[in-house]
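What you see is a predicted model, and the numbers here were worked out from it, not measured in a lab.
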Amino acid sequence: MGNLILKDVLIQKKYFIFFIAFSIIVSLFYSRMGSLYMNFVFIMIPTMVAMGFITNCSIKDEKAENMINSLPVKRIDVIMAKYMAMLLFIVIGSGIIFISSSALNFIGIIHLERLMNFRDIGICFGIVIFLSSIFLPVNFKLGYSKSRYLVMILYIGIFFVISFTGNSKYKRVELINRLIYYLNNAQTWQIVLLIACLLGIIMLVSFSISCYLYKNKDLN
């Protein structure tokens, strides 16, 4: 399984330079626009990078699916490697934007109000795990050519939902009021534990569905 994860990382080498350059350009562009835009950069860009890596793996795997499954590896190892690689890609995506923005700020090219922090990384983990937990089972079943638009729909949808629920008109909904009240009064560790448990459950359910679909998939 380790070799499968390494394979997913190595096929990204052509994209590393692109994403590093992209992160530098975005940091330069948004550096003078205040902390609100920094929230956008430190959360949305690593998410885009991680999802870009994940979808690129799906493209490569679809082209070589029969070859991969002819190797002496179990299908469950192929699936597990994808979920492990997904977590690694979040770390890599966050690392790219953190290092590039911090370096530019340190040498004085830009002047940020704040640097990327663990809260930003935690939100990235949450968004990517949620999106990937929906995308991966569909991808294992249908392949990337039939599921490629799902990532875009999910990615746009998650940010639309965040903006939608943040609208003051919808804050009057009782369920949202209760959730906001709980989050405002809960300890930080309680919130982190709650979110981690929810994401763990989502990821476990997604993994189980992927195993069921991929084990029963006819590759002929």
Side-chain angles (χ1 to χ4, degrees), residues 1-31 37-38 40-69 71 73 77-105 109-110 115-116 120-140 142-159 203 206 210:
M1 187 176 68
N3 289 332
L4 292 172
I5 298 174
L6 181 62
K7 180 267 297 179
D8 286 343
V9 174
L10 292 178
I11 63 176
Q12 310 294 340
K13 57 184 179 181
K14 293 182 179 179
Y15 295 86
F16 274 110
I17 297 176
F18 168 78
F19 282 125
I20 290 172
F22 178 69
S23 299
I24 292 174
I25 293 171
V26 170
S27 297
L28 289 170
F29 183 76
Y30 284 102
S31 62
Y37 289 95
M38 285 297 97
F40 170 84
V41 172
F42 292 150
I43 294 172
M44 189 169 182
I45 301 306
T47 301
M48 290 175 61
V49 172
M51 293 305 299
F53 285 147
I54 292 168
T55 53
N56 184 50
C57 283
S58 300
I59 296 172
K60 301 293 185 181
D61 286 347
E62 185 176 51
K63 295 178 180 178
E65 188 171 44
N66 289 326
M67 183 273 290
I68 292 173
N69 283 277
L71 298 174
V73 294
D77 290 335
V78 175
I79 298 168
M80 187 172 295
K82 281 290 173 286
Y83 281 84
M84 296 299 292
M86 175 257 291
L87 297 176
L88 183 58
F89 290 146
I90 303 173
V91 175
I92 294 174
S94 300
I96 289 175
I97 189 65
F98 173 76
I99 293 172
S100 60
S101 61
S102 298
L104 291 173
N105 186 71
I109 295 179
I110 61 176
L115 298 177
M116 190 177 190
D120 300 321
I121 297 173
I123 295 174
C124 292
F125 263 92
I127 294 175
V128 175
I129 288 174
F130 178 77
L131 296 180
S132 299
S133 293
I134 298 174
F135 169 72
L136 287 175
V138 178
N139 181 68
F140 277 119
L142 302 178
Y144 180 75
S145 60
K146 295 181 180 179
S147 60
R148 56 186 173 178
Y149 298 112
L150 181 61
V151 173
M152 184 178 297
I153 294 172
L154 290 172
Y155 189 72
I156 295 173
I158 192 67
F159 286 99
M203 195 171 172
S206 173
S210 293

Met86 CE to Ile5 CD1 distance, which is reported to the nearest 0.5 Å: 11.5 Å
For residues 15-23, which side-chain donor-acceptor pairs fall under 3.5 Å, sequence neighbours excluded?
| unit_1 | atom_1 | unit_2 | atom_2 | d |
| --- | --- | --- | --- | --- |
| Tyr15 | OH | Asn56 | OD1 | 3.2 |
| Ser23 | OG | Phe19 | O | 2.8 |

Side chain to side chain contact (heavy atoms under 4.5 Å, CB included) partners for Val91, two or more places apart: Phe125
Val9 side chain near Phe89 side chain, heavy-atom distance below 4.5 Å: yes
Only distances under 3.5 Å count here; give the side-chain donor-acceptor pairs of residues 128-135 to other protein atoms, sequence neighbours excluded, each with its distance to 0.1 Å.
| unit_1 | atom_1 | unit_2 | atom_2 | d |
| --- | --- | --- | --- | --- |
| Ser132 | OG | Val128 | O | 2.8 |
| Ser133 | OG | Ile129 | O | 2.6 |

Side chain to side chain, Ile92 and Val49, heavy atoms closer than 4.5 Å: no
Heavy-atom neighbours of Met84 CE exceed 12 at 6.0 Å: no
Criterion side chain to side chain contact (heavy atoms under 4.5 Å, CB included) on Met203 and Leu87, from CA distance to verdict: CA-CA 11 Å; Met203 195 171 172; Leu87 297 176; 3.9 Å; yes
Greater than 12 external heavy atoms within 6.0 Å of Tyr83's OH: yes
Spacing of CD1 belonging to Ile97 relative to CD1 belonging to Ile121, to within rounding of 0.5 Å: 11.5 Å
From CE (Met44) to CG (Asp120), nearest 0.5 Å: 14.5 Å
Point-to-point distance, once rounded to the nearest 0.5 Å, from OG of Ser100 to CG of Asn105: 11.0 Å
CG on Asp8 to SG on Cys57, rounded to 0.5 Å: 3.5 Å
Note, Met116 side chain near Pro46 side chain (heavy atom, < 4.5 Å): yes
